[in-house]
Amino acid sequence: MPELPEVETTRRGIEPHVLGRCVAGLAIRQRRLRWPIPRALDRALPGQIIRNVRRRAKYLLLDTDAGTAILHLGMSGSLRIVPSAAPAGKHDHVDIQLDSGQSLRLTDPRRFGALLWTTAPVEQHELLVDLGPEPLSDNFDGAHLFAAARNRKLAVKQFIMDSHIVVGVGNIYASEALFMAGIHPTRPAGRVSRERYEALAKAIKQVLAASIRMGGTTLRNFVGGDGRPGYFKQTLRVYDRLGEPCRQCGAPIRGKRIGQRSSFYCVNCQR
DNA sequence: ACTGGCTCCTGAGGGC
DNA sequence: TGCCCTCAGGAGCCAG
(Lines give C-alpha, C1' and ligand atoms only; values in the text may rest on other atoms or scores of the structure.)
Protein backbone atom coordinates (compact mmCIF):
# COMPACT_ATOMS: atom_id res chain seq x y z
CA MET A 1 0.00 0.00 0.00
CA PRO A 2 1.52 3.28 -1.00
CA GLU A 3 2.27 5.33 2.06
CA LEU A 4 4.22 8.55 1.93
CA PRO A 5 7.62 6.85 1.49
CA GLU A 6 6.35 4.83 -1.46
CA VAL A 7 4.87 7.94 -3.05
CA GLU A 8 8.13 9.82 -2.57
CA THR A 9 10.06 6.87 -3.98
CA THR A 10 7.72 6.82 -6.96
CA ARG A 11 8.25 10.54 -7.46
CA ARG A 12 12.01 10.13 -7.49
CA GLY A 13 11.74 7.14 -9.78
CA ILE A 14 9.63 8.78 -12.46
CA GLU A 15 11.11 12.28 -12.31
CA PRO A 16 14.14 11.64 -14.57
CA HIS A 17 11.89 10.13 -17.25
CA VAL A 18 9.16 12.74 -17.09
CA LEU A 19 10.74 16.10 -16.24
CA GLY A 20 11.02 18.41 -19.27
CA ARG A 21 9.25 15.95 -21.54
CA CYS A 22 6.29 16.88 -23.68
CA VAL A 23 3.03 14.96 -23.33
CA ALA A 24 2.42 13.34 -26.69
CA GLY A 25 -0.98 11.92 -25.87
CA LEU A 26 -3.15 10.10 -23.39
CA ALA A 27 -4.62 6.63 -23.31
CA ILE A 28 -7.44 6.50 -20.79
CA ARG A 29 -8.96 3.03 -20.58
CA GLN A 30 -10.83 3.41 -17.32
CA ARG A 31 -12.06 6.82 -16.29
CA ARG A 32 -13.81 5.76 -13.09
CA LEU A 33 -11.28 6.00 -10.29
CA ARG A 34 -11.97 7.56 -6.87
CA TRP A 35 -13.45 10.36 -8.95
CA PRO A 36 -13.91 10.27 -12.71
CA ILE A 37 -10.88 11.53 -14.61
CA PRO A 38 -12.04 14.95 -15.88
CA ARG A 39 -12.38 15.50 -19.62
CA ALA A 40 -10.54 18.77 -19.11
CA LEU A 41 -7.38 16.71 -18.60
CA ASP A 42 -7.72 15.12 -22.06
CA ARG A 43 -8.07 18.53 -23.64
CA ALA A 44 -5.38 20.34 -21.68
CA LEU A 45 -2.51 17.96 -20.99
CA PRO A 46 -1.42 16.81 -24.48
CA GLY A 47 1.18 19.16 -25.91
CA GLN A 48 2.24 20.40 -22.48
CA ILE A 49 5.75 20.14 -21.07
CA ILE A 50 6.13 18.66 -17.58
CA ARG A 51 7.85 21.44 -15.66
CA ASN A 52 7.92 19.85 -12.19
CA VAL A 53 7.29 16.51 -10.53
CA ARG A 54 6.31 17.34 -6.99
CA ARG A 55 4.74 15.64 -4.00
CA ARG A 56 2.35 17.12 -1.44
CA ALA A 57 1.17 14.64 1.17
CA LYS A 58 0.47 11.49 -0.85
CA TYR A 59 -0.44 13.46 -3.95
CA LEU A 60 1.93 13.56 -6.92
CA LEU A 61 1.77 16.80 -8.86
CA LEU A 62 2.79 17.18 -12.49
CA ASP A 63 3.11 20.90 -13.25
CA THR A 64 2.69 22.28 -16.74
CA ASP A 65 2.23 25.79 -18.06
CA ALA A 66 -1.48 25.13 -18.55
CA GLY A 67 -2.21 23.58 -15.16
CA THR A 68 -1.33 20.73 -12.84
CA ALA A 69 -2.21 17.05 -12.95
CA ILE A 70 -2.93 15.66 -9.48
CA LEU A 71 -2.27 11.95 -9.00
CA HIS A 72 -3.11 9.80 -5.99
CA LEU A 73 -2.27 6.10 -5.77
CA GLY A 74 -5.02 5.18 -3.32
CA MET A 75 -4.07 1.92 -1.71
CA SER A 76 -3.28 -0.26 -4.69
CA GLY A 77 -2.02 2.21 -7.28
CA SER A 78 1.39 2.33 -8.87
CA LEU A 79 3.14 4.33 -11.57
CA ARG A 80 5.71 2.92 -13.92
CA ILE A 81 7.65 4.05 -16.93
CA VAL A 82 6.93 1.70 -19.82
CA PRO A 83 7.52 1.73 -23.58
CA SER A 84 4.49 3.44 -25.10
CA ALA A 85 3.88 0.35 -27.23
CA ALA A 86 3.72 -1.97 -24.21
CA PRO A 87 0.41 -3.82 -24.14
CA ALA A 88 -1.87 -2.75 -21.31
CA GLY A 89 -3.02 -5.13 -18.60
CA LYS A 90 -6.41 -5.32 -16.99
CA HIS A 91 -5.76 -2.61 -14.41
CA ASP A 92 -3.56 -0.30 -16.48
CA HIS A 93 -6.08 2.52 -16.52
CA VAL A 94 -4.08 5.46 -17.86
CA ASP A 95 -0.98 6.03 -19.98
CA ILE A 96 0.47 9.53 -20.17
CA GLN A 97 2.45 9.18 -23.38
CA LEU A 98 5.66 11.18 -23.64
CA ASP A 99 7.66 12.42 -26.59
CA SER A 100 10.45 10.03 -25.55
CA GLY A 101 8.51 7.01 -26.70
CA GLN A 102 7.86 6.04 -23.11
CA SER A 103 4.68 6.35 -21.13
CA LEU A 104 3.88 7.03 -17.52
CA ARG A 105 1.44 4.22 -16.76
CA LEU A 106 -1.04 4.28 -13.88
CA THR A 107 -2.05 0.84 -12.64
CA ASP A 108 -4.62 0.56 -9.87
CA PRO A 109 -6.61 -2.65 -9.29
CA ARG A 110 -8.85 -1.24 -6.57
CA ARG A 111 -9.30 2.12 -8.19
CA PHE A 112 -9.08 4.12 -4.97
CA GLY A 113 -6.59 6.35 -6.71
CA ALA A 114 -7.26 9.55 -8.60
CA LEU A 115 -6.13 11.61 -11.56
CA LEU A 116 -7.40 15.17 -11.55
CA TRP A 117 -6.59 18.42 -13.31
CA THR A 118 -6.54 21.97 -12.06
CA THR A 119 -5.71 25.26 -13.72
CA ALA A 120 -5.63 27.22 -10.48
CA PRO A 121 -2.53 27.20 -8.27
CA VAL A 122 -2.55 23.62 -7.06
CA GLU A 123 -2.00 24.53 -3.42
CA GLN A 124 -5.46 26.10 -3.51
CA HIS A 125 -7.12 22.94 -4.81
CA GLU A 126 -9.81 21.74 -2.42
CA LEU A 127 -7.98 18.47 -1.81
CA LEU A 128 -4.78 20.26 -0.80
CA VAL A 129 -5.78 23.55 0.74
CA ASP A 130 -6.61 22.27 4.23
CA LEU A 131 -3.80 19.75 4.58
CA GLY A 132 -1.53 19.79 7.61
CA PRO A 133 2.25 20.16 7.45
CA GLU A 134 4.63 17.76 5.77
CA PRO A 135 5.97 15.44 8.49
CA LEU A 136 9.57 15.79 7.32
CA SER A 137 9.46 19.58 7.21
CA ASP A 138 10.48 21.99 9.96
CA ASN A 139 6.84 23.09 10.19
CA PHE A 140 6.08 19.80 11.87
CA ASP A 141 7.15 19.22 15.46
CA GLY A 142 5.87 18.24 18.88
CA ALA A 143 4.62 21.74 19.63
CA HIS A 144 2.40 21.61 16.56
CA LEU A 145 0.89 18.26 17.62
CA PHE A 146 0.42 19.41 21.19
CA ALA A 147 -1.32 22.63 20.16
CA ALA A 148 -3.60 20.83 17.69
CA ALA A 149 -4.54 18.19 20.27
CA ARG A 150 -6.02 20.60 22.82
CA ASN A 151 -9.52 19.39 23.78
CA ARG A 152 -9.38 16.51 21.32
CA LYS A 153 -10.78 13.29 22.75
CA LEU A 154 -10.25 10.88 19.90
CA ALA A 155 -7.52 8.23 20.04
CA VAL A 156 -4.05 9.62 19.43
CA LYS A 157 -3.57 7.09 16.64
CA GLN A 158 -6.53 8.46 14.71
CA PHE A 159 -5.37 11.98 15.51
CA ILE A 160 -1.97 11.54 13.85
CA MET A 161 -3.58 9.81 10.86
CA ASP A 162 -5.78 12.86 10.23
CA SER A 163 -4.28 14.67 7.23
CA HIS A 164 -5.50 17.99 8.58
CA ILE A 165 -3.12 17.51 11.52
CA VAL A 166 -0.12 16.08 9.67
CA VAL A 167 -0.02 14.42 6.26
CA GLY A 168 1.42 11.12 5.23
CA VAL A 169 1.14 9.12 8.45
CA GLY A 170 -0.59 5.97 7.27
CA ASN A 171 -1.85 3.04 9.26
CA ILE A 172 1.45 1.16 9.42
CA TYR A 173 3.62 4.12 10.38
CA ALA A 174 1.11 5.33 12.95
CA SER A 175 1.42 2.07 14.91
CA GLU A 176 5.19 2.08 14.52
CA ALA A 177 5.69 5.69 15.59
CA LEU A 178 3.44 5.30 18.64
CA PHE A 179 5.44 2.29 19.74
CA MET A 180 8.71 4.15 19.28
CA ALA A 181 7.36 7.03 21.37
CA GLY A 182 5.91 4.70 24.04
CA ILE A 183 2.38 6.05 23.64
CA HIS A 184 -0.67 3.80 23.80
CA PRO A 185 -2.65 4.16 20.57
CA THR A 186 -6.06 4.58 22.22
CA ARG A 187 -4.95 7.34 24.58
CA PRO A 188 -7.06 10.46 23.98
CA ALA A 189 -5.07 12.93 21.88
CA GLY A 190 -5.68 15.70 24.40
CA ARG A 191 -4.18 13.60 27.21
CA VAL A 192 -0.69 13.30 25.74
CA SER A 193 1.91 15.62 27.24
CA ARG A 194 3.96 18.15 25.30
CA GLU A 195 7.11 16.14 26.00
CA ARG A 196 5.59 12.95 24.66
CA TYR A 197 4.40 14.74 21.53
CA GLU A 198 7.99 15.84 20.99
CA ALA A 199 9.01 12.18 21.10
CA LEU A 200 6.15 11.24 18.79
CA ALA A 201 7.02 13.89 16.20
CA LYS A 202 10.62 12.67 16.22
CA ALA A 203 9.46 9.07 15.84
CA ILE A 204 7.25 9.96 12.89
CA LYS A 205 10.12 11.74 11.14
CA GLN A 206 12.48 8.89 11.93
CA VAL A 207 10.26 6.08 10.67
CA LEU A 208 9.27 7.91 7.49
CA ALA A 209 12.83 8.97 6.70
CA ALA A 210 14.14 5.46 7.28
CA SER A 211 11.46 4.05 5.01
CA ILE A 212 12.23 6.55 2.24
CA ARG A 213 15.88 5.57 2.51
CA MET A 214 14.87 1.98 1.82
CA GLY A 215 12.30 3.05 -0.73
CA GLY A 216 13.92 1.14 -3.53
CA THR A 217 13.36 -2.16 -1.84
CA THR A 218 9.89 -1.14 -0.81
CA LEU A 219 8.93 -0.06 -4.28
CA ARG A 220 10.26 -3.13 -6.04
CA ASN A 221 8.20 -5.43 -3.91
CA PHE A 222 5.27 -3.07 -3.98
CA VAL A 223 5.26 -2.96 -7.76
CA GLY A 224 5.92 -6.68 -7.77
CA GLY A 225 2.51 -6.93 -6.27
CA ASP A 226 2.71 -8.63 -2.90
CA GLY A 227 2.19 -5.36 -1.05
CA ARG A 228 4.52 -6.43 1.70
CA PRO A 229 7.77 -4.57 1.33
CA GLY A 230 10.94 -6.34 2.33
CA TYR A 231 11.85 -3.36 4.44
CA PHE A 232 8.88 -3.90 6.67
CA LYS A 233 9.62 -7.54 7.28
CA GLN A 234 13.01 -6.58 8.62
CA THR A 235 12.17 -3.61 10.74
CA LEU A 236 8.52 -3.54 11.74
CA ARG A 237 8.29 -3.22 15.50
CA VAL A 238 4.61 -3.90 16.07
CA TYR A 239 2.60 -3.72 12.86
CA ASP A 240 1.17 -7.08 11.77
CA ARG A 241 3.03 -8.81 14.62
CA LEU A 242 -0.01 -9.95 16.60
CA GLY A 243 1.07 -12.40 19.33
CA GLU A 244 4.75 -12.12 18.48
CA PRO A 245 7.14 -10.97 21.22
CA CYS A 246 7.76 -7.26 21.68
CA ARG A 247 11.29 -6.51 20.55
CA GLN A 248 11.80 -4.42 23.70
CA CYS A 249 10.19 -6.43 26.51
CA GLY A 250 9.11 -9.75 25.03
CA ALA A 251 5.42 -9.40 25.85
CA PRO A 252 3.08 -10.54 23.09
CA ILE A 253 2.06 -7.73 20.73
CA ARG A 254 -1.63 -6.99 20.91
CA GLY A 255 -4.02 -6.01 18.16
CA LYS A 256 -7.15 -3.90 18.24
CA ARG A 257 -9.34 -2.10 15.78
CA ILE A 258 -9.20 1.64 16.31
CA GLY A 259 -11.44 3.72 14.08
CA GLN A 260 -11.98 0.84 11.63
CA ARG A 261 -8.22 0.32 11.33
CA SER A 262 -6.10 -2.56 12.51
CA SER A 263 -3.69 -1.36 15.17
CA PHE A 264 -0.84 -3.03 17.01
CA TYR A 265 0.88 -2.16 20.26
CA CYS A 266 2.69 -3.43 23.35
CA VAL A 267 0.82 -3.01 26.64
CA ASN A 268 4.06 -2.85 28.63
CA CYS A 269 5.92 -0.39 26.48
CA GLN A 270 3.06 1.92 25.56
CA ARG A 271 0.98 3.90 28.03
C1' DA B 1 -16.46 21.85 16.15
C1' DC B 2 -15.86 16.99 16.74
C1' DT B 3 -16.58 12.32 16.11
C1' DG B 4 -17.76 7.93 14.31
C1' DG B 5 -19.43 5.39 10.52
C1' DC B 6 -19.98 4.69 5.57
C1' DT B 7 -18.27 4.42 0.97
C1' DC B 8 -15.66 3.36 -3.27
C1' DC B 9 -13.09 -1.49 -5.29
C1' DT B 10 -10.84 -6.02 -6.01
C1' DG B 11 -7.43 -9.52 -4.70
C1' DA B 12 -6.17 -12.42 -1.06
C1' DG B 13 -7.05 -15.76 2.18
C1' DG B 14 -9.84 -18.85 4.99
C1' DG B 15 -13.41 -22.38 5.41
C1' DC B 16 -15.53 -26.30 3.66
C1' DT C 1 -9.65 -28.24 -6.88
C1' DG C 2 -12.83 -24.76 -6.49
C1' DC C 3 -16.36 -21.86 -4.82
C1' DC C 4 -18.11 -18.50 -1.65
C1' DC C 5 -17.58 -15.30 1.97
C1' DT C 6 -15.16 -11.76 4.44
C1' DC C 7 -11.96 -8.31 4.86
C1' DA C 8 -8.38 -4.62 4.22
C1' DG C 9 -7.56 0.04 3.43
C1' DG C 10 -6.93 6.21 1.96
C1' DA C 11 -9.51 9.61 2.81
C1' DG C 12 -13.60 12.29 1.51
C1' DC C 13 -18.21 12.77 3.00
C1' DC C 14 -22.15 13.06 5.98
C1' DA C 15 -25.14 12.66 9.92
C1' DG C 16 -25.65 13.29 14.72
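Atom set for the values below is all heavy atoms of this structure, side chains included, hydrogens, waters and symmetry mates excluded. The chains referred to below are lettered A, B, ... by the order of the sequence lines, with proteins before strands, and numbering in each begins at 1.
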Looking at CG of N171(A) and CD of E3(A), how far apart are the two atoms once the value is rounded to the nearest 0.5 Å?
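Answer rounded to 0.5 Å: 7.0 Å.
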Can you tell me if R152(A) touches the phosphate of dA1(B), counting only side-chain N or O atoms and a distance under 4.0 Å to OP1 or OP2?
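No, no such contact exists.
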Protein-nucleotide distance ([X], atom [atom1]; [N], atom [atom2]), rounded to Å:
X: D162(A); N: dT3(B); atom1: CG; atom2: P; answer: 9 Å
X: F264(A); N: dA8(C); atom1: CZ; atom2: P; answer: 9 Å
X: M75(A); N: dA8(C); atom1: CE; atom2: C1'; answer: 6 Å
X: D130(A); N: dA11(C); atom1: CG; atom2: P; answer: 15 Å
X: M161(A); N: dG4(B); atom1: CE; atom2: C1'; answer: 14 Å
X: Q158(A); N: dG10(C); atom1: CD; atom2: P; answer: 13 Å
X: R34(A); N: dT10(B); atom1: CZ; atom2: C1'; answer: 16 Å

Quick check on R54(A): does its CZ atom have over 12 non-hydrogen neighbours (other residues, nucleotides or ligands) under 6.0 Å away?
yes
[Y] versus [X], side-chain donor and acceptor atoms under 3.5 Å:
X: S263(A); Y: K256(A); answer: no
X: S175(A); Y: Y265(A); answer: no
X: S262(A); Y: R257(A); answer: no

If stacking means aromatic ring centre less than 5.5 angstrom from the base's six-membered ring centre, planes under 30°, is F112(A) stacked on dA11(C)?
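It does not: the two rings, one from F112(A) and one from dA11(C), miss the stacking criterion.
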Side-chain contact check for Y239(A): nearest option of dG9(C), dG10(C), dG12(C) is dG9(C)
Candidates dG10(C), dG11(B), dG12(C) - which lies nearest the side chain of H72(A):
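Among dG10(C), dG11(B), dG12(C), the one nearest the side chain of H72(A) is dG10(C).
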Nearest-nucleotide wise, let me know which of R261(A) and K153(A) is further upstream toward the 5' end of DNA chain B.
K153(A)
Between R110(A) and S163(A), who's closer to the 5' end of DNA chain C by nearest nucleotide?
R110(A)
Compute the bend angle of the helix from dC2(B)-dG16(C) to dC16(B)-dG2(C) from the end axes (five pairs per end), rounded to 10°.
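Roughly 50°, once rounded to the nearest ten degrees.
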Quick one: sort the Y197(A) and F159(A) rings into parallel, tilted or perpendicular, breaks at 30° and 60°.
tilted
